[in-house]
Structures are given as C-alpha cells and as structure tokens.
Amino acid sequence: MGFNVLDHLDDFCYPVSLFWRRDDSWMLYPGNPGNESGGYAWHDSVDLTLCFEDTAILFGICAIFWILTAIGFLIGSSNKPSIPRGWLNIAKITLCCVIMIPTLCDLIYTIIKSTKETEAKFYFFSPIVLFLTMIVAAVLIVFERRRGVRSSGLLSVFWMSLVAYASIKTRSLVLIARDEGEVAGHFRFSTFMIEFVLFIVQMILSLIPEPKSPYDYFREDDREPCPEEAAPFFSRITWWWLNKLVWKGYRKALTYNELYDLNYGEKSRVVSPRFQQAWDQQMGKDRTNNTEPGVTVRRRSPSLVVALTKSYGLLLFLAGFLKLANDLLAFVSPQILKLLIEYVKDPDEPAWKGYFYTLIMFGAAVLQSIILHQYFHSCFVAGMRIRSGVIAAVYRKALTLSNKSRQNRTVGEVVNLMSVDAQRFMDFVTYMHYLWSSPLQIVLSLIFLYATMGPSIFAGFGVMILLVPLNMVMAALSRRFQVQLMTWKDSRIKIVNEVLNGIKVIKLYAWEIPFKQMIMGLRKEEVNVLKKSAYANASFSFTWTCAPFMVALATFATYSLVHRNSTNPDDRLTAEKAFVALSLFNILRFPLSMLPMVISSAVEASVSVKRMSSYLKGEELDPNNTNRRDEPAVGDEESVSVTGGSFTWDTPERPALHNIDLSVKPGELVAVVGPVGAGKSSLISALLGEMDKLNGQVVMRGSVAYVPQQAWIQNATVKDNILFGKPLNPILYGQTVQSCALETDLEILPGGDMTEIGEKGINLSGGQKQRVSLARAVYQESDVYLLDDPLSAVDSHVGKHIFDKVIGPEGVLKGKVRILVTHGIGFLSQCDKIIVMSNGRITEVGSYNELIDQDGTFAELLHNYGTNEGNEEDEGNPYANEYAEYEGDGVEEAIFSDNNNNEETAARPYLVRQRSRYKSSDGIDDGEGIPAPVRPRPKLNRGLSKTDLKRQLSKQASIINDEKITKAEANERTQLIGAEKVETGTVKFSVFIDYAKACTYYMSFIIVLFTVLSNGASVGQNLWLAHWSNGEENSNSSNLTLDLGVYASLGVLQGLMVLFSSFALAIGSLKASVKLHDGMLSNILRSPMSFFDTTPLGRILNRFSKDIYTIDEAIPRSYKMFLMTLLSVASTIIVISIASPWFLIIIVPLMVLYVLIQRFYVATSRQLKRLESSSRSPIYSHFQESISGATSIRAYSKVDQFQLQSEARVDYNQIAYYPSICANRWLAIRLEFLGNLIILFASLFAVLQRNYSGVFGSISPGIAGLSISYALQVTQALNWMVRMTSELETNIVAVERTKEYSETPTEVIDGLVYTCY
C-alpha cells in the first residue's frame, strides 16, 4: 500500500520530478530526464526533489503554522494593553501583502502555461497554500499587536522555517542550473528569488521587538521593567535578557531595588482574580437549589482542581505539549548513535553521512535542551501563578469566615495553608506531567530496546522491576529512622531551649556539667539513630549503583547465551547494539526512579487539595446580617436601627442577644452600660454584622468607624496606623493627634509619628495603643462610631480629656452617631441616651435623668459602682495626685517644652515611664499584659514654683545622664543586641579544611579514594564492554565466560567501592557532627552572662537546630553528590580523550567557560535566594496581623484595601523569586549547551578519525560508541555539578557558624580561661 501512495504522489509531481526515490539512493535531485537516473543527477551530498520541497516541506511548515495560529486564536487571551500601531507593525503587514504578489503571478503563469502543455499539479497548489498562509500571517501580526505581544515566537520560527525551506530549494535550483548549464524556468526562478528575499526581510523584522505600550510609560513605581517582555524570541528562549542582572550579581551583592519588576501577566492583580472567579463559579454550582419540589437533584461538590485548571491550565497544557516533544526527542540520540557506530564500522559509507549524523545529533540535543527548559520554566511560572491565586483566596477567605468556621481553625493552620500547602502545589505542578510522561518513556524505551536486543531486554527489565520493591523497603526504613531521629532531635532542642532560658539559675548553682551531660546523653541517642540511618543510606547507595550494572549484565548475558551458537551476523553483540541498549537503559532508569517520587508528591498534593478545599468551602459571614447603606441618614431617618433582633455566635439554639430593639438618630451620643457578661460588646458586634442574625433587621446608614476593646495596631508607623489608608490631611491629622492626647507620646518616640510600631504594638503601652486606635477612627471622619469601651485602658484624667475633646458633646465627633460601651459612670450624664443591658437583653433605654427616676437596673448600677468612680484609679497609690496638682497650670508644657535644655530632654523618657508604671497600685494592667508594679518615685515638692520644679527635674535628669547626649548617641548606648554576623561572598577554603579536620584527615582521604576507585571501575567496565563488542564484530567466537566474568567483576568492584565510600562518609561525617556539636555546647555553657545578655536565645538555638541538622544530614549528602558529579564529568572527559586525543584541545576552552558560568551563577543565585527568603516572611506576618484585626478591617470596609496589600507583598516576594527560577534556567541552558558541544565534538572527532585516520588516528566502533554514549550523559552531570557546588557552599556555612560559637570567650575561673572545641 505504501508503494501505491508513492505512485499517487508521483502523479502529483509529474512531469517535473518524482516525489521520492524507492531505493536507498534518496540523496539526489532532479536533473535531465534523458540521463540514466531517470531524470536525476547523482551527488555525494544531501539533495531532495523540487516536488518534495514544494509539497512536503512547504505544506508541512504552513500546516503547522495554521494549527498553532488557530490554537492561539482560541486560547490566546491576554490582559496586556495593546501596542500602538507603528512603522514596524505596518512594515510586517505590508510585506505579507507584497509576498502575495509573486505567489499570484506564479499561479497565473501556471494557469496560462497549462493551456499549452501539461503542468505538475503542485505548481497549482503551492502558490495557493503560500498565498493563504500570508493572509493568516498578516492576521496573526494584527492579533499579536492587540494582545500586547512585542515579539512573537510563533512568527519568528515561521519566518525562519520559510527561510530554511527557501535555502534548500535555492541550492537545488543552483545544482540543476549547474548540471544543465542554464537556469530552468526563468519566470518561476525570478518570483521565487523575490519571495526568498522577502522571507529574509520578514525574519529580520520578526526579531525586532515592537515598541512599548502606553502601560510601560505609566508604571506604578520606579522599578526597572523586566526586559523579558521586550526581548526577542531567541533572547527569551535562552534567557539572554538576564545577562545584565547576572553580571551585576557577579560584581557585587544584589539589592532588592536592583531587581526587575514582575511581568504584567504574573502580577497578583492579574493572576488572582482568575482563580477567584473560577472558584466562585464552582461554589455557585454547589449553591444551586432545586426548583421543583419533591425532586432530589444530586449537586456537584466544588472542585478545587477544576478551578485551578480553568484558571491556569492553559500554561500547564503548553508545558505538557513541550514535555511530549522532549520525550520524543530523547529517543533520537540513541538512534543516531546507532547510525554513527554503523558509519564508523562501514568504510564504504559516504563521508558526508558522518557529518550529517553529527549535526542531527547536535541539533536534536540543542532542541531538546531548549524544549526541556521551556517546559520547566512554564511549570515554574504556572506554580507561581497558582501560589499567588491560592494565597489571595486564602487571605480573602480569612477576612470573611464566620465565627463558627473560625473556631475550627487556628491561625497556624491557616498560615500553613498559605505556606506549606501552596508550596506543595508548586512542587507538584513542576513534575505533574511525569505521571503520564514516565509510563510513556518506559513504553517507548522497551519498544526501542526490543527492536535492538530482542526478547533479551526483558531480563534486564525484570531486574529493574525486582529492584522497585527493594527501593520501597529501603525508603520505608529510611522514613522510620527519620521519625526516630526527629523525636530525639525534638527532645534535645527542648532541653537546650530550657537550659538557655534558665541559664542564670544554672550558672548560679553551677549546674553546667549535669545539664551538659543530659544534653549529650540525648545527643548520643540521636547520633545512634543517625548512624543507623547513614548505614541504611549507604546500603541503599550500593543497590542504586549496582542497579544499572545488574540490568546491563542480565541483558547482555541473556543475549549472548541465547545467541551463542548462532551463525547469523545480526545475532552478535555488536557495539551499536551494546551502547544503544545502554543509552536506552539510561533513559529508562530515570522514569522508573521518578514515578514513585511523583506519585508520592501527588498523594501529598491531594491531601493539600482536601485541606484547601475544606477551608475555602467554609461558611462565611452573611452580608445580610447588617444592611449597611453608603449614604448617611438625613432628616428624621435613623442612622442605626435594630428591630426585633436576635443574634448568636455559634448555633441558633444558643442566642447571645434576644429581642434587641434599638434606634439612634443622627448626632446622638448613646452609652451602653451593664454588668460584665451582659452583652454590651456583643451588641457592637451584632451592629457590625459579626454575629449570625436569627431574627429581625439591622440597618446602618453611612460610613462606620470602630474602636475595639483590645486595640488592634498594625506593624507600621504611627502615622500609617492613624491614616489607615486615607490620604493625609495635615489640618485634620494635627487636630486628631491633639484631641486624642498623642502629642506628648509623639515627642517621646524616637522618630515621632514616623516611629515604626512593632508587631501587636509591642513598643507601645496599653493606653498609647488605645489612643492610636481611637485616633484612627477619628481621622476617618465616618458617620457612625462604634466605641467598645475605649477609655478602659487609659488613666482617668486622660480618659476625661478624651471624652471632652473627642467623644463628648463638645468633642470633635459632635454631630456624629456615637455608640459608646463604657464602665465610666461619670460620663453618662452627658450622653443623649443610655442603654442598659443584662443577660443579652436591653432592659432600659432613656436619658440619664429618666433612668434615675425609674429607679431600675441603671439606678442599681449607679449605687453599686458609682461610689468607686473617681477613686478607683487613685486608691492605694499615694503618688496618684502628684501631677494632678500641677495639671492645668502649664507644668507639663514646661516639662516637655522644646525650649528646655538637654538635661530636661534626657529626663523626659524617665518621667513618662514613671507615670506609666505607677498607673495603679492594685495590679491594673499597664498595657503590656502584666501588672504594673508600685515602686517609690521621686517626691515632688508641692510648694515649689514652676521654675524651682524645672530645676528639680533637671537635677533628676542629671542623675540619669551626667553629660549632654545626642539622640544618635542615646540610641547607640541603648543598643544591647548586636546584629548577627553574616558572611558574604565565596566561602573560605579554611572552612572546608576545618570540616575535613573534624572528620579526621584519614577518613577524608578514604572517602575520596574509594569514590575515585568506584568511578575507575565504572569506566573500566564500559571500556571492557567496548572491547567485548569489538571482539564480536567479525566473529562470534569470543570467550563469553571471560567477557562476562570481567564485566561482572568490574561491576561488583564498582558497587563495593561505592559501599565502602558511603560507609566511610557516614563514619567521618558522624565524627564531625559529634565533635562540632560537643565543642559548641561546652563553649556555650562556659560563656559569661554578658554573652547571653547580648545574644538572642533564638540565634543560639538556631545553631543547635538548623546548623547541626545541616552538619548531620545536608553536608554529607551534598558532599557525596558533588564528588560523584565531579568524578562523572572527569570520567567523561577521560573516556572521550582516550577515544579521541584531539578532544583535549577543545576541553580547555569548554572548562574555562564552565567555570565562568558557574561563578556567575553561584554569586547571583546565592543573593537572589537570600532576597527571596527575606521577602517571604512579610506575607505571613501581614496575614497573621490581618486575621487578628479582621473585625476592624471589615468594620472600616477595608477588605479590598488589605487584599491589595497582601497581593503587593506576594508580588514583592515574586520579584525576587522569578529571577531566581530564571537564573536556574539561565544556568541550565548554558551548561547543557556546553554538554551539547561535548556531544558535537565527540561525534565529530569519531567521524574525523574514521575519515582521516592518518591525521587524527584510528577508532574502533566500540570505542566510538563508548565515547559518544558518555558524552550523551555529560549534560545532566554538568548541571548537577554546579547545583551541588552551590548547595555545598551554602551548607558548609553551618560549619563556619558552629565554629564561631565554639571559639567565643569563656568565663575565667580560678585564673583559667576555659576554651572548648
């Protein structure tokens, strides 16, 4: 049937040429029909027929372009602003129209000529196809401009493909003209050459990016835009645009301001709404109700996976397509390797074939590298988007969760959703395509192996399958040891933490030695488990190393034994069979090892999906709990009204508020009073919609401000806390600060209102926090103010000032609706209305006098609590009225006047802290959560004048500080905790020496020796395989027992050397761990108390936890991988050099390039990782802060504003993360290109040695196969070598940090200085 198809294709090409030759001599071109070849001239080169070029090649290019363009039209939506039409865009469209002219001329010429003679059919169809393709290209150019694409990869590749097609056809036309002595078909030749020139111009124009869109000129900040969007296509696929940043990072440590802005399509405001919209659609499906009574419809549960797929699936689909292409290309190299070995073996093959195979192998390797890293980049970008979308959804959900849902989840659990679960999504997305890719690679590998070795490959495959359960057992054993290890590690860290926290008591009683022995006892148990784990991993390394050898041995032994007596030359174990099988087994080993890991990752991701789905499906606050209207009340309308309201915190069976009826007119001051637990704060929460409404209606008109009982303070400046997102109005701001009694506090704070407040207001007292919270509400100029006992945390005179200046009838809030929950009985007479509550009900409502006359609950409250009013703050404190006598007389102004001298200024914090500390004598909280102690303070002489008082205060100030100090000096003197020492740049070589010394030099030498011997055995094993296969090239009478015996012996030797080196590494690393830990522990316990006073305990604890973990586990692992990859690269170079000594000339510049790339990458990547790590914690800090202030955020209607702040922090982190993943691709694509150059030169020298043995030396097929198969593995080894070098440098810093604390100064006892190591 295949022959009939060719006959039909020949009819399509008749009478110009055939479509394809039937024999092996397909490398020819159409010539004179009268020659012996049936119209074809023979050349020792690659030539194709004109018909094949104008149909198969041209039609193939156009068809692929149409398909990809159609996909782009269907799914190519973009949020980028369109690019303005410029000269470049017009030129591209114009050229497409110009190209149509010669194609139309060709078609018209063919039609006219066909009336006189028979014309080939492809002369009709080729111009039509090209004409239609130009129309599609013009439409795509317009479409890409409107999508904001500045450089189209599809168009660039399309024009380059047409240039390649035209180049091939031009060569054929030139050869035809040379053979025939003239140009055949002058008209078609002329039109084609015009098209060729236009193709070249279009290709050049496609590499020039379009001009910027207006969006690029109006940026939100001054950060330099990412060059990626404007970079040409080839710059994007090679990450050439990152060179500037990499160079900058190599020259000096990068700062955050030097990083590029995020691409528009990766910003949270673009990415997050996609997922939110898709999830809302899923939730909408779940909320659909049955319309027909009595009919039960099974509702679909919302699917997080479907929502994520709808939001970000397009990029993942593209990544899957790239992964498929990469998997298919992976099997090209073994087939080309087979052809190359056959070429070296057959001296009759034309010389050009070797060069052709070399270029094909090199081109396939380069294309595979580009596609593979585009795949990884697409996956990482998709992971970024998923993370941004998930974090935004979790954040928004946290601000809308109902009380019942919040009770079931702690803040830590929700933070884990943001951090751990979102990270699991990212990790799984990167490798999710291996779920189908690994089985595909396994199937394809087995097919090609079967074609190469026949049924014998099932012996090797059976060994692989048998090793899978062994690996599972080893993995389970390793997990069990890890659980035990973490148990002992937790116990040790717990004791260390307790020792550090009680170090004063331990030193007081001289308990250092007993506690040291206790810690070292726990450490001994930990080291025992660590030893078991290390030995198990060493055994696991032995099986993993022996696996490829056992698979190859089983296959080759089976094949040789089955065909031992065969006389068929095709049954011999030749070089092409042996090394092609080895290459295919190497491909097969990767998916077999990846599949269990990916399945495990999928299981973890499925757990995260369930957790995330459960959280996102949690019940939210009902927005109908409160009917909030934006327009304020006017006339007789009620600003706040509750009619028949019943509210609950959790279940309808237990309502917290019953039968609430409330009406507040504009401008009224309403007080809410009642005993503890009466429901006063619940009433405020019900008005805000925080409680579930069971019955009734709640209406609030106008904007709302809320002051909670426990002040919520942001980790920001005082000014930002007051402004709360509202633009600065200097007059209103100053009035707010003054009325809320914050002027004195701002004078005391080192930076005034620009002083940054720590988390949870840690550097403010309780009264200061409450006044900042009140100032925030005042500054908002809202219509309704809900004040939940804001005066409880301030002194009585300050509370009076705030009531008079802010809340009261003459305060700045007069004319506003104020609902005040208070215990201050003295303010009630000034209120317009008083609401008395008891047991969740409103018992009385009326004015002060009305309630007194009723002699009800309110009168009883006054009777019980009124007698203590006014004295509760001062009772038991003999100094309570010290300043009261001077208050109002200008003394405070005299004390804190800016005109005072420096002594008075120095006294200021002393005096103010005194007033804060002596707030009450009966244990009233001073705002820090601890009872305020009562201590004697300097007695002020009441008979002094203001001048004498200032003199006395100056004297007290001189006691605090005898000399004049500046603010900077004061800060320097009060700085107790020093900054942690952080090393920069390359790790010193002495640190590696210190680690080797800790391992003992003897063990360090043994580790290196056995690793070198294992690699030597591996190289010897493959060299013997080459010798074995060469021996069977001409006969099948080689000594099979000897061949198998030597091959097996070398394999066993390799495994044993790996086992010995692994055990040596385990023993040496354990010695280093014990020595470094014990030395640091001994030195820390002997350190003076000044060390603990100036060093945060968390910093010390980090040395005993993270750094010791790194020394225990991370350094041995990274050191082993570094040594193995280093020797693997060295082995590859040695083998290729043995096969082709001329390769040594090439390896020198390649190694120079490798070292340069490594240095550039490590310097930049290290700093990018630091920046990414430091920018990650603000996301979670802001999230925790927002959860604690969720009620305030909702009350002020600032949910959207805080959502934007969260997204900004995510973007801030992604700004550092994105160049980090790009730097990984930048490194990988360059290292793989170096590896591909090694493949190129290994193949090229094999070809040159075959063709020019007198100059380059001879080469056997076995050695050629060995050299090229080693070269095929070097790209991955180069990649891992750089990564392991970087990881080892990062991990070895732990030794440096541990050594630092092992050499700190120790206590001097009996004239001896104790030093420990």
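Atom set for the values below is all heavy atoms of this structure, side chains included, hydrogens, waters and symmetry mates excluded. Position 1 is the first residue of the sequence; numbering continues from there.
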*Asks:* Under 3.5 Å, is there a donor-acceptor pair between the side chain of R1230 and the main chain of W1226?
*Replies:* yes
*Asks:* Ignoring hydrogens and geometry, is there a side-chain-to-backbone donor-acceptor pair from T400 to K397 under 3.5 Å?
*Replies:* yes
*Asks:* Once you measure the plane-to-plane angle for F1202 and F724, does it fall in the parallel (<30°), tilted (30-60°) or perpendicular (>60°) bin?
*Replies:* tilted
*Asks:* Return yes when atom OH of Y250 has more than 12 non-hydrogen atoms of other residues, nucleotides or ligands closer than 6.0 Å, and no otherwise.
*Replies:* no
*Asks:* Which residue is it: K252, K244, R251? I am looking for the one with a salt bridge (charged side-chain N to carboxylate O under 4.0 Å, His left out) to E258.
*Replies:* K252
*Asks:* Under a 4.0 Å N-O cut-off, is there an ion pair linking R776 with D720?
*Replies:* no
*Asks:* Above 12 or not: heavy atoms from other molecules or residues under 6.0 Å from CZ of F376?
*Replies:* yes
*Asks:* Show, in sequence, the C-alpha distance, side-chain angles and deciding distance for W247 and F1160, and conclude whether the ring pair (Phe, Tyr, Trp, His ring centres under 6.0 Å) test is met.
*Replies:* CA-CA 7 Å; W247 170 249; F1160 274 90; 5.6 Å; yes
*Asks:* For atom CZ of F321, decide whether the heavy atoms of other residues, nucleotides or ligands shown that lie under 6.0 angstrom number more than 12.
*Replies:* no
*Asks:* Going by distance alone, is a donor N or O of one side chain under 3.5 Å from an acceptor N or O of the other, for E228 and Y1218?
*Replies:* yes
*Asks:* Do NZ/NE/NH1/NH2 and the carboxylate oxygens of D1211 and R269 come within less than 4.0 Å?
*Replies:* no
*Asks:* When the ring planes of F275 and W279 are compared, do they come out parallel, tilted or perpendicular, using 30° and 60° as the limits?
*Replies:* parallel
*Asks:* Please say which of H373, H377, Q374 ends up in a side chain to side chain donor-acceptor pair (under 3.5 Å) with R1225.
*Replies:* H373
*Asks:* Give me the atom names and distance for the closest heavy-atom approach of A392 to E1207.
*Replies:* CB-OE2, 4.2 Å
*Asks:* With a distance cut-off below 6.0 Å to the six-membered ring centre and an angular limit of 45° from the axis, does K726 pair with Y779 as a cation-pi contact?
*Replies:* yes
